[in-house]
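Letters go in sequence order (proteins before strands), and every chain restarts at 1.
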Protein chains: 2
Amino acid sequence: MASKKIRVIAFGLGPIGSGIARVVAAREGFTIVGAVDIDPAKAGKDVGSVIGFDHPMGVPVSGDAAHVLKKKADVVIHSTGSVLTQVEPQLAAIIRARHNIVSTCEELSQPWTHGPVAKRIDALAKKFGVTVLGTGINPGFMMDTLPILLTGVCQQVSCVRVRRVVDASKRRLPLQKKIGTGLTVDEFKAKAAKKEIRHVGLTESVALVARTLNWKLDKIEETIEPVVASTSVKTEYFEVAPGFVTGVRQFGYGIQNGRRVIELDLKMCVDAGESVDEVWLEGKPEIHSVIHGVHGDLSTAAVAANSIRRVVAAPPGLATMADIPIISVA
Amino acid sequence: MASKKIRVIAFGLGPIGSGIARVVAAREGFTIVGAVDIDPAKAGKDVGSVIGFDHPMGVPVSGDAAHVLKKKADVVIHSTGSVLTQVEPQLAAIIRARHNIVSTCEELSQPWTHGPVAKRIDALAKKFGVTVLGTGINPGFMMDTLPILLTGVCQQVSCVRVRRVVDASKRRLPLQKKIGTGLTVDEFKAKAAKKEIRHVGLTESVALVARTLNWKLDKIEETIEPVVASTSVKTEYFEVAPGFVTGVRQFGYGIQNGRRVIELDLKMCVDAGESVDEVWLEGKPEIHSVIHGVHGDLSTAAVAANSIRRVVAAPPGLATMADIPIISVA
C-alpha cells in the first residue's frame with residue numbers, strides 16, 4: 001500500500017523506549033521524526049546511535065521536549081515512568097501539541113482505577129482531538145487483553161485465572177535488579193515494603209478484565225513475596241547463593257462477594273525455567289490456554305509498536321486495549 | 001449497570017441460531033423481541049419452546065420476516081446460510097429495517113474476498129446507519145482473530161500456522177453428516193467435488209489474516225480430503241467401519257512469492273481424540289499457543305452473542321472481527 005508513513009516521536013529512550021524505537025525504525029510504514037530524553041549523555045547524539053543502530057538516522061536526541069513536540073507527527077511513543085500522576089505533565093504537554101500517544105506507563109493501561117487523573121487526561125485528549133493508550137506486554141496484553149479475548153468463546157465465565165512465568169535470567173540488568181535478584185530475604189522485604197521492588201500492573205490488569213467483562217468487584221488485592229534460590233543460580237550479572245532472592249512472585253486478585261473471581265499469578269525470577277503464559281477460564285465451556293515464546297522486552301516493544309496504527313485511527317480520548325480493535329504485527 | 005436492555009431479533013433458528021438465542025435469552029442485558037424462521041413446523045410456536053427452553057418467552061416464531069423486522073430492535077442475529085450471495089437479500093432487508101446484524105454466514109466473516117456483494121452490503125449499511133458483522137468460532141475466531149491478535153506480541157512475523165482439531169463425536173447429527181461420517185472414500189470424494197462436503201471459511205480466515213497484517217497474497221488455495229477410520233468408530237449416530245470416512249481434513253494456504261506464509265489445518269472427525277487449537281508464529285519472537293476446551297457449537301453461539309455489544313457500538317458499515325474492539329463474555 002502506498003500509504004503515507006506514520007511519523008513518530010520517541011519520548012524516553014531507556015531500554016523499553018529504545019526497543020520500541022528500534023521496531024518502528026525498522027518498519028517501512030513508519031519514520032522517526034523526533035526524539036526526547038532527559039539524559040544529558042544522550043542529548044545531541046543521533047537517535048540511531050542511542051538505540052543501538054549502526055547507522056545514523058539524521059534525528060538528534062534532545063532534552064528539550066517542548067521544542068521536539070512542535071514537530072509534525074502522528075504519534076508519540078512515551079516511555080518514561082510507571083506512575084501516572086508522575087508522567088501526567090509529560091502526557092499533557094504531548095496532548096496539547098496535538099499528538100496521539102502510545103505509552104508504556106503501566107498505570108495508564110487501566111487509568112480509570114486512578115481516579116481524577118484519568119478524567120483529566122481523557123478530557124484533555126478529547127479537547128485536542130488525540131487518542132491516548134497505555135500498553136505493553138504486561139500490563140497491556142498477557143494478563144488482560146488476551147484473557148479478555150479468550151472469554152469471547154465462552155457463554156458464561158465465573159473465574160479468570162492467569163499465570164505468567166518470566167525467565168529473567170536472560171533479561172537486561174535493570175530488570176534483574178528491579179526484581180530483587182541477589183538480595184537477602186530481609187533486604188527484599190524492606191525494599192518491597194517501600195515499593196522499590198514491585199512489578200506495576202497487576203491491579204491495572206485485574207481492573208481492565210473486570211471493567212470489560214462488566215464485573216463489579218468489591219476490591220482488588222495484591223501480594224508480593226520473594227522467590228528464594230534452593231540451589232546456586234548464575235546469570236550474566238549475578239551469582240545467587242541458596243537462600244538468597246532470585247526474583248519476585250506477585251498475585252493480583254479481583255474479589256466479588258468474598259470470592260476470587262480474577263486471579264493473576266506473576267513470577268519473575270532468574271531460576272524460573274522456561275517462560276510461559278497460561279489462562280484458565282472457569283465457565284461454559286472451560287478454557288485452558290498455554291503460550292510459549294513471549295519475551296518481555298521484545299514483546300513489550302512489539303505490543304507498543306503494533307498499537308500505533310490502531311491509536312492513530314481511534315476516536316479521541318483515553319483508550320484501553322479493550323477499546324481499540326485487535327492489534328497485530330503490521 | 002442499569003443500562004437499557006439490548007433488543008434482539010433472531011433470524012434463523014437452526015441449531016446455531018437457536019444456540020445463540022439461548023445464550024442471549026439467558027443474559028440479563030438482552031431481550032429477544034422477535035424471531036423468524038422459514039420452517040412451517042416452527043411458525044406460530046413460542047421461541048422459548050423452539051430453542052429448547054422449558055418456559056415460553058411470549059414471542060412467537062414467524063415465517064414473515066418483513067413483519068418481524070418492523071419491530072424496534074438493536075440487532076438481528078442472522079443464521080441462515082454460509083454463502084453470501086444467497087443470504088444477501090435477507091441481509092439487505094434487515095439493513096433497510098435499520099437493524100445492526102451479527103451473522104454466522106461464513107463468507108461474511110471476510111466478505112471483501114467476495115467482490116461486489118461486500119461493497120453493496122457496506123454501502124447499504126452505511127446508508128441506513130447500521131453495522132454488519134460476520135462471525136463465529138471458525139471462521140471468525142480460532143483461525144483468524146486469535147492468531148491475528150497473537151502477532152501483536154511479535155516484532156516481525158514471517159509465517160502464521162494454525163491447526164484446529166475438532167472432535168465431532170459429540171457434536172450434533174447434521175454436523176457429523178456434513179463432514180461425511182460413515183461414507184465410503186469414493187462417496188466422500190464425489191460429495192466434496194460437488195462441494196456438498198466442505199467447511200466454509202478457510203479462504204475467509206486466510207484472507208482476514210492477510211488483510212489485517214497488510215500482507216499481499218498471490219493466491220489462496222484450499223484442499224480437502226477424507227479422514228479414514230483405521231479401527232471401528234462408534235458415535236451416538238454412526239458406526240464407522242475401518243476404511244470408511246470419519247470426517248474431513250482441509251487445508252487453507254495463503255501464498256506469497258511461492259511460499260506458504262499462512263497455513264490453516266482443519267481436521268473435523270469423529271475419531272479426532274481431544275479437540276485442540278494451536279497457533280505457531282514464525283518471527284521475532286517465535287510463538288506457540290495451545291488452547292483446550294473450545295467447543296464448536298457452544299463457542300460459535302458464544303462468539304456471536306459476545307459480539308453483539310461491539311456491533312451495536314460500532315460505526316456503520318460492514319465490519320470484520322479485526323475492525324471491532326475485542327469481544328468478551330458480557
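- For B:S307, no part sits under 4.5 Å from any heavy atom of chain A, backbone or side chain.
- Proximity of a side-chain donor or acceptor of A:Q155 to a complementary backbone N or O of B:L298 within less than 3.5 Å is detected.
- Contacts of A:Q156 with chain B are made by backbone atoms alone, with heavy-atom separations under 4.5 Å and no side-chain atom involved.
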Q) Which is it for B:V153 and A:I291 under the side-chain contact (heavy atoms from CB on, under 4.5 Å) test, yes or no, and what are the steps along the way? A) CA-CA 11 Å; B:V153 308; A:I291 299 181; over 6 Å; no
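- In terms of heavy-atom pairs under 4.5 angstrom with chain B, the leader among A:G152, A:A313, A:G293, A:A304 is A:G152.
- With a 4.5 Å cut-off on non-hydrogen atoms, B:R22 does not touch chain A at all.
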Q. Hey, mind stepping through B:I327 and A:I148 against side-chain contact (heavy atoms from CB on, under 4.5 Å) and telling me if it holds?
A. CA-CA 8 Å; B:I327 65 165; A:I148 289 168; over 6 Å; no
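- Proximity to chain B (any heavy atom under 4.5 Å) is shown, for A:T145, by both the backbone and the side chain.
- Per-residue heavy-atom pair counts under 4.5 Å with chain B were compared for A:A302, A:A330, A:P315, and the maximum is reached by A:A302.
- Under the 3.5 Å distance criterion, the side-chain polar atoms of A:N306 are matched with a main-chain donor or acceptor of B:C154.
- In this structure, the portion of B:I137 lying under 4.5 Å from any heavy atom of chain A is its side chain and not its backbone.
- Tested against B:V329, the residues A:N214, A:L281, A:L213 include a single side chain to side chain contact (heavy atoms under 4.5 Å, CB included) partner, A:L213.
- In this structure, B:P325 and A:A322 approach most closely via the heavy-atom pair CB-O, 3.5 Å.
- Put simply, OG1 on B:T212 and CZ on A:R309 are 12.0 Å apart, with the number rounded to the nearest 0.5 Å.
- Contacts between B:A305 and chain A at a heavy-atom distance below 4.5 Å are absent for every atom of the residue.
- Of the listed residues B:R27, B:E278, B:M142, the one with more heavy-atom pairs under 4.5 angstrom with chain A than any other is B:R27.
- Here B:S328 is the residue among B:S289, B:S328, B:P147 with the most heavy-atom pairs under 4.5 Å with chain A.
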